[in-house]
Amino acid sequence: MPYEQWGPLSGLVGTWEGAEGLDISFHNDKGKIAETEYREKTTFKPFGPVDSGKQVLYGLDYRTAAWKATEDNPFHTEVGYWLWDGGDHELMRCFMVPRGSTVIAGGTVEPDATTFVLEADLGSTTYGILSNKYLDAFARTTRYDVTVTIEGESFRYDETTTVEHSKSADLILHTDRNTLRRISLEA
């Protein structure tokens with residue numbers, strides 16, 4: 001395995017595309033929950049080691065963009081890092097979206113895992129969520145979780161962002177899922 005030090009992240013290196021995306025979220029223009037089908041491109045570029053005292057991290061610098069059907073401009077982008085601490089079997093996903101939200105999700109994962117779950121909660125000082133003032137007042141993210149399964153040249157994810165929205169008396173479960181296929185080992 002060429003990226004053995006990256007543990008469960010080793011199978012994600014490269015460029016991926018998928019056109020089976022489904023976003024279920026609150027649509028402000030419609031005032032209700034609606035579905036959006038999307039296509040997506042994600043790149044994972046390996047780096048490391050990063051030494052931080054006794055902790056040694058190997059990571060993937062990643063960028064993703066998602067487009068509705070045939071639109072040219074993405075409706076969602078994000079940048080961040082996936083990090084692996086092999087000493088503690090800690091896997092983390094750190095990312096920011098251009099609405100002004102930042103998430104550090106994490107979990108304990110075995111080095112050879114091909115399926116894993118990462119979680120973050122509002123108020124946590126380790127696996128947590130931060131938002132800008134507007135989002136905190138009107139669409140506060142309180143929880144995030146993602147399940148990832150890597151199967152050779154494809155991977156899939158299913159993620160849920162729990163939101164307290166000012167236009168809904170109930171919590172909103174914003175879900176996204178897609179299956180992507182590797183198109184290149186280069187990022």
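When a residue number appears, it is its place in the shown sequence, counting from 1. These numbers come from a predicted model, not from an experiment.
Between Asp121 and Arg143 there is a salt bridge, with a side-chain nitrogen of the basic residue lying less than 4.0 Å from a carboxylate oxygen of the acidic one. The pair Arg140-Glu164 meets the salt-bridge criterion, with a side-chain N (NZ, NE, NH1 or NH2) lying under 4.0 Å from an Asp/Glu carboxylate O. A salt bridge does not link Glu78 with Arg63: none of the charged nitrogens is closer than 4.0 Å to a carboxylate oxygen. At a threshold of 4.0 Å, the pair Glu159-Arg177 does not count as salt-bridged, since none of the basic side-chain nitrogens sits closer than that to a carboxylate oxygen.
Rounding to the nearest 0.5 angstrom, the gap separating the OG1 atom in Thr162 from the CG atom in Leu171 is 6.5 Å. Atoms CD and NE2, on Glu35 and His27 in that order, are 8.5 Å from each other to the nearest 0.5 Å. Separation of atoms OG1 (Thr43) and NZ (Lys41) is listed at 7.5 Å; rounding is to 0.5 Å. Ile104 contributes atom CD1, which lies 12.0 Å from atom CE of Met96 (distance to the nearest 0.5 angstrom). Within the model, atoms CZ of Phe44 and OG1 of Thr15 stand 9.5 Å from one another, a figure rounded to the nearest 0.5 Å. Here the straight-line distance linking atom CZ of Phe138 with atom CG of Asn28 works out to 11.5 Å at 0.5 Å rounding.
Counting only N and O atoms by type, the side chains of Tyr134 and Arg99 include no donor and acceptor under 3.5 Å apart. For Thr115 and Thr149, the side-chain atoms include at least one donor-acceptor pair closer than 3.5 Å. A donor-acceptor contact closer than 3.5 angstrom is absent between the side chains of His76 and Asp23. Checking Ser168 against Asp170 by side-chain atom types alone, no donor-acceptor pair falls below 3.5 Å. In the model, Glu40 has a side-chain atom that pairs as donor or acceptor with a side-chain atom of Thr64 under 3.5 Å. No side-chain donor from either of Glu71 and Tyr38 sits under 3.5 Å from a side-chain acceptor of the other.
The hydrophobic cluster containing Leu83 does not contain Leu9, counting ILVMFWY residues as joined when their side-chain heavy atoms lie under 4.5 angstrom apart, directly or transitively. Met92 and Leu12 are not part of a single hydrophobic cluster, where members link through side-chain heavy atoms under 4.5 Å apart. Under a hydrophobic-cluster definition in which Ile, Leu, Val, Met, Phe, Trp and Tyr are linked whenever side-chain heavy atoms come within less than 4.5 Å, directly or via other members, Ile172 and Val103 are assigned to different clusters. Follow the hydrophobic side-chain contacts under 4.5 Å out from Tyr127 and you never reach Val109; the two are in separate clusters.
The side-chain heavy atoms of Phe116 and Leu91, taken from C-beta on, include a pair separated by under 4.5 Å. Within the 4.5 Å cutoff, the side chain of Asp176 has no heavy atoms near those of the Leu22 side chain. Here the side chains of Leu57 and Glu90 are not in contact, with every heavy-atom distance at 4.5 Å or above. Between Asp158 and Val146, the closest side-chain pair of non-hydrogen atoms is not below 4.5 Å. Between Leu122 and Thr141, the closest side-chain pair of non-hydrogen atoms is not below 4.5 Å. Within the 4.5 Å cutoff, the side chain of Glu20 has no heavy atoms near those of the Leu180 side chain.
Just one of Tyr58, Tyr81, Trp84 meets the ring pair (Phe, Tyr, Trp, His ring centres under 6.0 Å) condition when paired with Phe47; it is Tyr81.
The two atoms that bring Glu153 and Trp16 nearest to each other are O-CZ3, 3.4 Å, heavy atoms only. Shown here for Glu186 and Ser184, the closest heavy-atom pair between the two residues is N-OG, 2.9 Å. Closest heavy-atom contact between Leu135 and Ser101: CD1-OG, 3.4 Å. Minimum interatomic distance between Tyr3 and Ser10 (heavy atoms only, all atoms of both residues): O-CB, 3.2 Å. Between Ile129 and Thr142, the closest heavy-atom pair is CD1-C, 3.8 Å. Taking every heavy atom of both residues into account, Val56 and Pro49 meet most closely at CG1-CB, 3.7 Å.
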Residue pair Phe155, Val148: steps toward the side chain to side chain contact (heavy atoms under 4.5 Å, CB included) verdict: CA-CA 7 Å; Phe155 85 92; Val148 175; 4.1 Å; yes
Side chain to side chain contact (heavy atoms under 4.5 Å, CB included) evaluation trace for His174 with His165: CA-CA 11 Å; His174 176 156; His165 201 288; over 6 Å; no
Candidate pair Leu118 and Asp145, rule side chain to side chain contact (heavy atoms under 4.5 Å, CB included), full reasoning: CA-CA 6 Å; Leu118 305 177; Asp145 63 76; over 6 Å; no
Glu110 vs His89, side chain to side chain contact (heavy atoms under 4.5 Å, CB included): CA-CA, chis, key distance, verdict: CA-CA 6 Å; Glu110 290 303 313; His89 293 192; 3.6 Å; yes
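The number of heavy atoms from other shown groups lying within 6.0 Å of CD (Gln55) is above 12. Counting non-hydrogen atoms of neighbouring residues, nucleotides and ligands closer than 6.0 angstrom, the CZ atom of Arg182 exceeds 12 such neighbours. For Asp29, the CG atom counts as densely surrounded, since its 6.0 Å shell holds more than 12 non-hydrogen atoms of other residues, nucleotides or ligands.
Ring pair Trp67/Phe75: centre-to-centre distance not below 6.0 Å. Taking the six-membered ring for Trp and the full ring otherwise, Tyr144 and Phe95 have centroids separated by under 6.0 Å.
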